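Everything numeric here is computed off the predicted structure, so don't read it as measured data.
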Amino acid sequence: MLKKIIVTIVIALLIIGCKEEVKKDSNLTKKLLKEKKSSIKEQNITKEEEIVPEETTITDNEYNSEQLELKTALESYLEELKSLNIEGIIDMTYPKLFIPINKNMFRRYIDSIITSKDITIESFDTNITNIGDIQSFNNGEFARVEYKSIIRLAFINPNLYSDKLSMRVLNDALTSKYGSDNIQIDTLNREIIIKRDEKLLAIKEKDSDWKFIGDNKEYRRLYPQIIPLDILSQI
């Protein structure tokens, strides 16, 4: 069941821009569970200070008109993510992502979160921190954009994580992956809060609107056919 929950969390994070390796999560949690069974102390994992969104110091007057247009598009994209609007997310995702990833499977990923009987997304807060310079490539324009996200997940299945051991194993697995400063697990309210710095590529091809895709080495390593070569040569 722990693997199932980790997979659900990974899917949630995949949707907001970053691909993770589920197999590594599973191996890690198995190892941690084995270690924790031999020795565990009863204590609450809840941190005293709750993770809260950081305010950006960037103002609109720092951007030119093209960057402001892109910022508006990014805000719309983030709203689609917050509402888990499947078709809206797909429409604003860079379409070449769906060359290696089946679009119907992508729909099922999102639907699995919406219909999950184990975990739910309580809130998804974002804060745009940077709109990069807009550059040209042979079929349009692109830019690198960044935002901070805080996602709050809650367990709705009362049979999950009802003891300290399982909650601690989950805490250790997520802390190992995302860092202790970015994870908060509230054992009393059965909630997980994950803070992330997100990076996206915004691509606007000729006769098209701005589309978004995760900007990370993992995407480029696994799916070299997604990003146009003349964009890759500039980032």
### Message
Grouping I, L, V, M, F, W and Y whenever their side-chain heavy atoms are under 4.5 Å apart, do Ile99 and Ile101 come out in a common cluster?
### Response
no
### Query
Is a donor on one side and an acceptor on the other found under 3.5 Å between the side chain of Gln67 and the backbone of Gly132?
yes
### Summary
So CD of Glu79 and CZ of Phe124: to nearest 0.5 Å the spacing works out to 9.5 Å
#### Entry: Closest non-hydrogen atom pair, Trp210 against Ala143
CZ3-N, 4.3 Å
### Task
Begin from the C-alpha positions of Phe142 and Ile134 and carry the test side chain to side chain contact (heavy atoms under 4.5 Å, CB included) through to its verdict.
CA-CA 6 Å; Phe142 76 95; Ile134 295 177; over 6 Å; no
### Summary
Test side chain to side chain contact (heavy atoms under 4.5 Å, CB included), reference Arg168, set Leu165, Asp172, Leu170, output is Asp172
### Task
Quick one: which residue pairs count as a side chain to side chain donor-acceptor pair (under 3.5 Å) with a foot in residues 87-106, not counting sequence neighbours?
Glu87-Arg107, Tyr94-Glu205, Asn104-Arg107
### Task
Go through the structure and list residues passing side-chain hydrogen bond (donor to acceptor under 3.5 Å, both in side chains) with Lys211, not counting sequence neighbours.
none
### Task
Quick one: pull up CZ in Arg144 and CD1 in Ile131 and give me the separation to the nearest 0.5 Å.
13.5 Å
#### Entry: Spacing of CD1 belonging to Ile119 relative to CG belonging to Leu153, to within rounding of 0.5 Å
4.5 Å
### Identified side chain to side chain contact (heavy atoms under 4.5 Å, CB included) partner of Ile226 from the options Leu232, Ile213, Ile231
Ile213
### Message
Would you compute the distance between atom CG of Asn157 and atom OG1 of Thr120 and round it to the nearest 0.5 angstrom?
### Response
12.5 Å
### Query
Closest heavy-atom contact between Ile235 and Leu201?
CD1-CD1, 4.0 Å
### Message
According to a hydrophobic-cluster definition based on side-chain heavy atoms being under 4.5 Å apart (Ile, Leu, Val, Met, Phe, Trp, Tyr only), do Ile151 and Ile156 belong together?
### Response
no
### Query
Looking at residues at least two apart in the chain, or sitting in another chain, which of them share a salt bridge (Lys or Arg N to Asp or Glu O under 4.0 Å) with Glu191?
Arg152
### Query
Among all residues two or more places apart in sequence or in another chain, which pass the side-chain contact (heavy atoms from CB on, under 4.5 Å) test with Asp111?
Ile86, Thr115
### Message
Would Ile192 and Leu174 count as a side chain to side chain contact (heavy atoms under 4.5 Å, CB included) here? Give the steps.
### Response
CA-CA 10 Å; Ile192 307 169; Leu174 293 175; 3.8 Å; yes
### Task
Would you give the length of the straight line joining atom CG of Asp207 to atom CG of Asn139, rounded to the nearest 0.5 angstrom?
9.0 Å
#### Entry: For Glu69, side-chain hydrogen bond (donor to acceptor under 3.5 Å, both in side chains) partners two or more places apart
Lys204
### Task
Indicate yes or no for a side-chain donor-acceptor contact from Ser112 to the backbone of Tyr109 under 3.5 Å, with no hydrogens or angles considered.
yes
### Query
Distance from Ser149 atom OG to Glu198 atom CD, nearest 0.5 Å?
4.0 Å
## Note on the structure
For Leu70 and Ala202 the tightest heavy-atom approach is CD1-CB, 3.5 Å
### Query
What closest approach, in Å, do Phe137 and Asp230 show between heavy atoms, and which atom pair accounts for it?
CB-OD2, 3.4 Å
### Task
Would you please name every residue forming a ring-ring contact (aromatic ring centres under 6.0 Å, His included) with Phe212, sequence neighbours left out?
Tyr77
#### Entry: Contacts of Glu122 that satisfy salt bridge (Lys or Arg N to Asp or Glu O under 4.0 Å) - sequence neighbours left out
none
### Summary
Across all chains, not counting sequence neighbours, the side-chain contact (heavy atoms from CB on, under 4.5 Å) partners of Glu146 are Thr129, Asn130, Lys199
### Summary
Hits for salt bridge (Lys or Arg N to Asp or Glu O under 4.0 Å) against Arg190, two or more places apart or cross-chain, chain-then-number order -> none
### Those residues that, when tested against Asp197, pass salt bridge (Lys or Arg N to Asp or Glu O under 4.0 Å) (two or more places apart)
Lys148
### Task
Could you list the residues that satisfy side-chain hydrogen bond (donor to acceptor under 3.5 Å, both in side chains) with Glu141, not counting sequence neighbours?
none
### Query
Donor-acceptor pair, Gln234 side chain versus Leu229 backbone, under 3.5 Å?
no
### Query
By side-chain contact (heavy atoms from CB on, under 4.5 Å), which residues pair with Ser76, not counting sequence neighbours?
Met92
